[in-house]
Each structure stands twice: as structure tokens, then as C-alpha cells.
Amino acid sequence: MRKLNIRLQREVSERQKVEKNLQVAEQTLAQSSKLAALGEMSAAISHELNQPLAAMRTYLAGAKLLLQRKRPDEALTSFQRIDDLIGRMGAITRQLKSYARKGGEDLIAVDVRSAIDGALEIMEPQLKARQISISKTLPIEPVFILGDQLRLEQVMVNLVRNALDATSTVVLPEIEILLLADETAILTVRDNGEGISDLNELFEPFFTTKKPGDGVGLGLAISTGIITDLGGRLVARNGSVAGAVFQVTLPIIKNS
Ligand code: ADP
């Protein structure tokens with residue numbers, strides 16, 4: 001009996017050791033995948049900011065030369081190019097600012113319905129400028145998730161802006177927003193636009209099919225980062241008939 005007890009105790013302590021090791025391994029894995037994501041993003045960002053910087057230096061040298069040679073009109077064109085590049089760098093840093101990580105303690109119960117309404121309010125000028133049908137189906141009851149409203153709105157703004165862009169050549173453009181509260185909160189943004197051309201590259205930082213000036217390719221990379229931070233998932237597919245379907249799934253907090 002004593003021998004059996006000792007063996008059992010040894011097994012229990014070994015199991016505890018294994019569990020502890022597993023926990024440490026899991027934490028290390030989470031940490032290193034975060035670092036890998038950060039590394040990938042930093043490399044992409046510095047590449048993306050260095051390009052316009054180098055171009056600006058060239059345009060500036062060109063403009064200087066043109067002014068010395070008394071050709072101000074041509075110099076003005078160079079200044080305009082520099083202005084465009086500054087605009088592009090501004091767009092990148094604005095996007096990144098919205099991603100600036102907040103501490104976990106800032107997370108509060110957020111009603112996904114308010115984030116949807118907030119985002120549509122932000123987008124109102126762009127939506128009004130287009131003849132587009134927007135349908136919105138939300139539950140009557142609040143759908144609470146643990147997050148922060150600003151970053152959730154940011155994701156929604158990105159999805160709606162993309163849907164707007166994707167439907168720019170469609171005769172009767174439509175965007176459908178649907179929120180379901182089941183085991184999780186499921187937020188779907190569907191459009192009848194051109195559809196997704198490259199489902200593999202979609203979430204990569206700086207992947208864009210838009211013209212320079214129209215897109216920098218950070219919206220979806222940042223949106224995925226935000227949703228993953230909040231414990232959820234962002235996935236995309238093409239609709240069965242036309243257009244694209246983006247779906248955000250987030251854990252619900254019950255009884256809030
Ligand atoms: P950006 O909008 O600056 O290009 P995003 O990361 O938001 O950056 O989007 C990356 C690319 O994903 C877009 O350029 C486009 O090719 C594709 N995409 C995103 N949303 C849609 C959509 N609703 N329909 C079709 N393609 C889309």
C-alpha cells in the first residue's frame with residue numbers, strides 16, 4: 001500500500017511538472033508568434049515608408065535643379081508628387097495609429113450594435129456620395145463582447161469602405177450588414193461587388209489591388225490583428241452568386 005502511494009505521488013508530481021512545462025511552452029509560443037507578427041509588420045512598414053522617403057528625396061533634388069534652371073512649372077509638378085507621397089505616408093501612419101495596442105485593462109463590455117452604428121456614422125459622407133443600398137439587420141437585444149468600441153468601429157469602417165470600393169463599378173450596388181448572436185457574435189458584411197481576386201494574400205500587410213492613393217493595403221491586416229486581440233476571428237470568402245463576404249466572430253459575454 002505504501003509503495004503504491006509513493007508511486008502515485010510520484011506520478012502526480014510528474015504530471016504536474018509536465019503540465020507546467022506545457023503551460024510555459026504555450027506561453028512561449030504565444031509570445032513568439034506575437035513577436036513574429038510584429039517583426040513581419042515592422043519589416044513591411046519600414047519598407048513601405050522608406051519607398052516614399054527615397055522617392056521624395058529624388059523629387060526634391062529634381063525640383064531644386066528645375067528652380068535653378070528657372071523652370072518653376074515643372075518644379076511645381078515635382079512638389080505635387082511630394083505632396084502625394086506625404087499623403088500616402090500619412091494614410092499609413094493613421095492606419096497604424098488606430099492599431100496602437102491598448103492594454104487589456106481597457107477592455108470593457110461593448111454592444112456590437114453600437115459599434116456598427118458608430119462606423120456607419122463615420123462612413124456617412126462616403127455612403128451619401130454613392131447611390132448604394134445598405135441593409136442592416138441587428139438583434140433587438142444588445143450583443144455584448146469584451147473589447148473597445150473604437151477599435152471595433154475601425155474594423156467595421158475598413159470592411160464597409162472595402163465593400164464600397166468593390167461595388168464602385170456595379171449597376172445596383174448593395175451592402176448587407178448582418179449581426180447574429182448565438183454561442184458567439186457573428187458579424188457579416190456582404191457586398192455584390194467584383195469579388196475577392198486573391199483569397200491567400202488578402203490579409204497580408206500592404207497587399208492591395210487598388211490604385212496608388214486609393215489603398216495602402218493595411219486595412220485588413222490591421223483589422224485581423226484587432227479581432228485576434230479581442231479573441232475572435234476574421235475570415236473572408238466569395239459569395240455564391242457575386243461579391244465578397246467578410247465574417248467577424250467574437251466571444252459573447254453573457255448576462256451583461
Ligand atoms: P486596401 O483597401 O488599402 O487595398 P485592405 O487590406 O483593406 O487594403 O484590402 C486589401 C485588398 O483586399 C484590396 O485591395 C482588395 O483587393 C481586397 N478586398 C478587400 N475587401 C474586398 C471586397 N469587399 N471585395 C473584393 N476585394 C476586396
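For this chain, numbers begin at 1 and follow the sequence in order. Every number for a ligand or one of its atoms is a count from 1 in the order of the listing. These numbers were taken from a predicted model, which means no experiment stands behind them.
Remark: Met56 CE to Ile86 CD1 distance equals 4.0 Å, nearest 0.5 Å.
At a 3.5 angstrom cut-off on N or O pairs, Ala244 does not count as close to ligand 1. Between Asn162 and ligand 1, an N or O atom pair is found at a separation short of 3.5 Å. Taking only nitrogen or oxygen atoms, main chain and side chain alike, Thr209 reaches within less than 3.5 Å of ligand 1. Distances between N or O atoms of Lys210 and those of ligand 1 include at least one value under 3.5 Å.
Protein heavy atom in closest approach to atom 10 (C) of ligand 1: Phe207 O, 3.2 Å. Scanning the protein heavy atoms around atom 8 (O) of ligand 1, the nearest turns out to be Gly217 CA, 3.1 Å. If you check which protein heavy atom lies closest to atom 23 (N) of ligand 1, you get Asp191 OD2, 2.8 Å. The protein non-hydrogen atom at the shortest distance from atom 6 (O) of ligand 1 is Leu220 N, 2.8 Å. Scanning the protein for heavy atoms near atom 18 (N) of ligand 1, the closest one is Leu202 CD1, 3.9 Å. Protein heavy atom closest to atom 27 (C) of ligand 1, with residue, atom name and distance, is Ile196 CG1, 4.2 Å.
Residue Gly219 approaches ligand 1 through these ligand atoms, each under 4.0 Å from one of its heavy atoms: 5 (P), 6 (O), 7 (O), 8 (O).
Only the side chain of Phe246 comes within 4.0 Å of ligand 1, judged by heavy-atom distances.
For residues 231-240, the set of pairs meeting the salt bridge (charged side-chain N to carboxylate O under 4.0 Å, His left out) definition, not counting sequence neighbours, is empty. Under the salt bridge (charged side-chain N to carboxylate O under 4.0 Å, His left out) criterion, no residue pair touches residues 56-70, with sequence neighbours excluded.
Contact annotation: Gly193 has no heavy atom less than 4.0 Å from any atom of ligand 1.
In summary, Arg71 and Glu74 engage in a salt bridge, as defined by a charged side-chain N under 4.0 Å from a carboxylate O.
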